Amino acid sequence: MFRAFAQAFRTPDLRQKILITLLIMALYRLGTFVPAPGVSSQNINACLTQAEGTGLLDMFNLFSGGALLQLSVFALGILPYITASIIMQVMRVAVPRLDDLYQEGQSGQTKITQYTRYLTVFLAILQSTTMLTLAINGQMFPGCTSPLIPNGSPATYAFIILAMTTGTVVIMWFAEIITERGVGNGMSLLIFTSIVSTMPTQLADIWAGSGGWTKVLVIVVLILLVTLVVVYVESAQRRIPVQYARRMVGRRTYGGTTTYIPLKINMSGVIPVIFSSSIMMLPNMAAQFASPESGWAQWIQVNMNRTSPWYLLTEAVLILGFAYFYTSITFNPDEVADNLKRYGGFVPGFRAGRPTAEHLRYVVNRLTFAGAIYLAIIASLPSIIMIPLDLAPTQMPFGGTTLLIMVSVGLQTVKDINAQLQQHHYEGFLK
């Protein structure tokens, strides 16, 4: 592996791509420490030490690399771009015009990318306004009385919204630069950078607190074990054999080859876990605005925390539903069967057309069920571990979503570097 790294840096074009990727990731991390205009960094640091917890903002703060609670210019991180991309994928099912654009090829997908950028800007304005409202009302850091924006005025608020929105546009540009001129997927690598940057600090807090080295060692071992499981499952696939019929064109014979359709066990990726986690935060959000004496608000606070059986069961059901929903969007058996029929391919034992589509749908449904169970176990594992380790939810340095993202992005990046090394006749990372 180290020899492959050396060979990668000896290749001029690949070395340039890796350096561009590392430079963009460094600039992204640097921007998380630049506060927005009018924001008091001293008061924010004081609130971070005084506040009992940030509650609903923990997950979003994790994906921004800690920039959200610092109200920096990169406070929103890559989340508006992710949300816009997911919305556009879902809208392809509801809006036939978008699906027609997607079928047009490169020109149509360029138009969809343009719509995604416009939607990202709109979501960035909406989310930055929400964050500013929470900061002004003192709901960002419960229990902290220090003003985050000491000299607030309409002009200052407008500059803060403009700075956060511009920061999101710059991050979106960073992600596209990495995708086009760097190594790997830019959006995924920026999320990977945000998650990895917060883990050492959380482990250090556990070490300095009541946990000591024993809990830190247990957590590190669990991270390694879960990483092995995730690597094994994410690399597994079900291969559907495909046979192409022979065709005579003039004096030449075409076709007659055998290939396969690779179907992953977890075809939906981390999207079901992200969706379910977002929905599970809504009851607690509603309970915060209710009266403390309200019965339903008290029930939510007791039974909808991360270590409650009700929470774990509800999250597992949501993950199962979203796994089937998102898989149905990303993989269309009818479309695959039509493409096979058009190019003279067929699955042995099944007629081309509708029988092939039904067989693919049957296989995908079984794989999706197994993948959803796997996602539910990975997502609930950190919550279960917190009980014997006696850790607060904010102290847990890893979660199911974070590990899935880290391992998936790492595997894909290594595969991309490996493919480029093989193009230069070098031995790659994967053997």
Side-chain angles (χ1 to χ4, degrees), residues 85-86 88-90 92-93 98-106 108-109 112 184-185 188 229-247 249 253-273 319-375 404 407-416 418-420 422-423 428-431:
S85 301
I86 295 174
M88 293 302 297
Q89 287 183 347
V90 175
R92 277 180 47 201
V93 180
L98 293 178
D99 189 61
D100 294 339
L101 286 176
Y102 183 79
Q103 298 295 335
E104 289 180 3
Q106 185 63 33
Q109 294 179 13
I112 293 178
N185 183 274
S188 301
V229 174
V230 173
V231 169
Y232 179 79
V233 176
E234 293 296 325
S235 302
Q237 57 183 221
R238 168 75 181 275
R239 297 180 176 181
I240 306 297
V242 176
Q243 179 72 38
Y244 285 92
R246 294 183 179 181
R247 295 180 299 161
V249 180
T253 303
Y254 295 91
T257 58
T258 301
T259 182
Y260 60 87
I261 302 174
L263 299 178
K264 295 178 60 177
I265 295 179
N266 179 27
M267 300 184 63
S268 57
V270 298
I271 300 300
V273 182
I319 289 175
L320 183 65
F322 281 123
Y324 276 97
F325 172 73
Y326 195 74
T327 301
S328 65
I329 294 177
T330 57
F331 184 83
N332 188 348
D334 296 325
E335 181 179 352
V336 174
D338 290 340
N339 290 334
L340 289 177
K341 184 178 180 180
R342 184 180 301 115
Y343 294 103
F346 62 94
V347 178
F350 299 91
R351 289 181 297 175
R354 183 175 178 180
T356 300
E358 292 178 351
H359 173 65
L360 292 176
R361 187 175 292 107
Y362 172 75
V363 175
V364 168
N365 288 337
R366 294 181 63 186
L367 290 177
T368 303
F369 180 78
I373 297 299
Y374 149 76
L375 288 177
L404 287 171
V407 177
S408 301
V409 173
L411 284 175
Q412 187 59 45
T413 304
V414 169
K415 289 180 180 179
D416 292 341
N418 179 73
Q420 298 190 36
Q422 290 179 348
Q423 291 178 0
F429 291 100
L430 304 179
K431 296 184 180 180

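For reference, positions follow the sequence shown, starting with 1. In this text, all values refer to a predicted model and were calculated from it rather than measured experimentally.
For D338, the salt bridge (charged side-chain N to carboxylate O under 4.0 Å, His left out) test picks out no residue, with sequence neighbours left out. Residues meeting the salt bridge (charged side-chain N to carboxylate O under 4.0 Å, His left out) test with R354, sequence neighbours left out: E358.
Test T356, I261, T258 against V242 for side chain to side chain contact (heavy atoms under 4.5 Å, CB included) and you get one pass: I261.
Taking all atoms of both residues into account, the shortest heavy-atom contact from L98 to I112 is O-CD1, 3.7 Å. When all heavy atoms of A357 and P333 are compared, the closest pair comes out as O-CB, 3.6 Å. Across all their heavy atoms, R238 and L367 have their closest contact at CB-CD1, 3.8 Å. Of all heavy-atom pairs between P241 and P348, the closest is O-CD, 3.3 Å.
Between R361 and D334 there is a side-chain heavy-atom pair separated by less than 4.5 Å.
Interatomic distance, L375 CG to N266 CG, rounded to the nearest 0.5 Å: 4.0 Å. The distance from the CG atom of L360 to the CG atom of L340 is 7.0 Å, given to the nearest 0.5 Å.
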Enumerate donor-acceptor pairs with a distance under 3.5 Å from any side-chain N or O in residues 320-331 to protein atoms, sequence neighbours excluded.
unit_1 : atom_1 : unit_2 : atom_2 : d
Y324   : OH     : N365   : O      : 3.1
Y326   : OH     : Q89    : OE1    : 2.2
T327   : OG1    : A323   : O      : 2.6
S328   : OG     : Y324   : O      : 3.3
S328   : OG     : F325   : O      : 2.5
T330   : OG1    : Y326   : O      : 3.1
T330   : OG1    : T327   : O      : 3.4

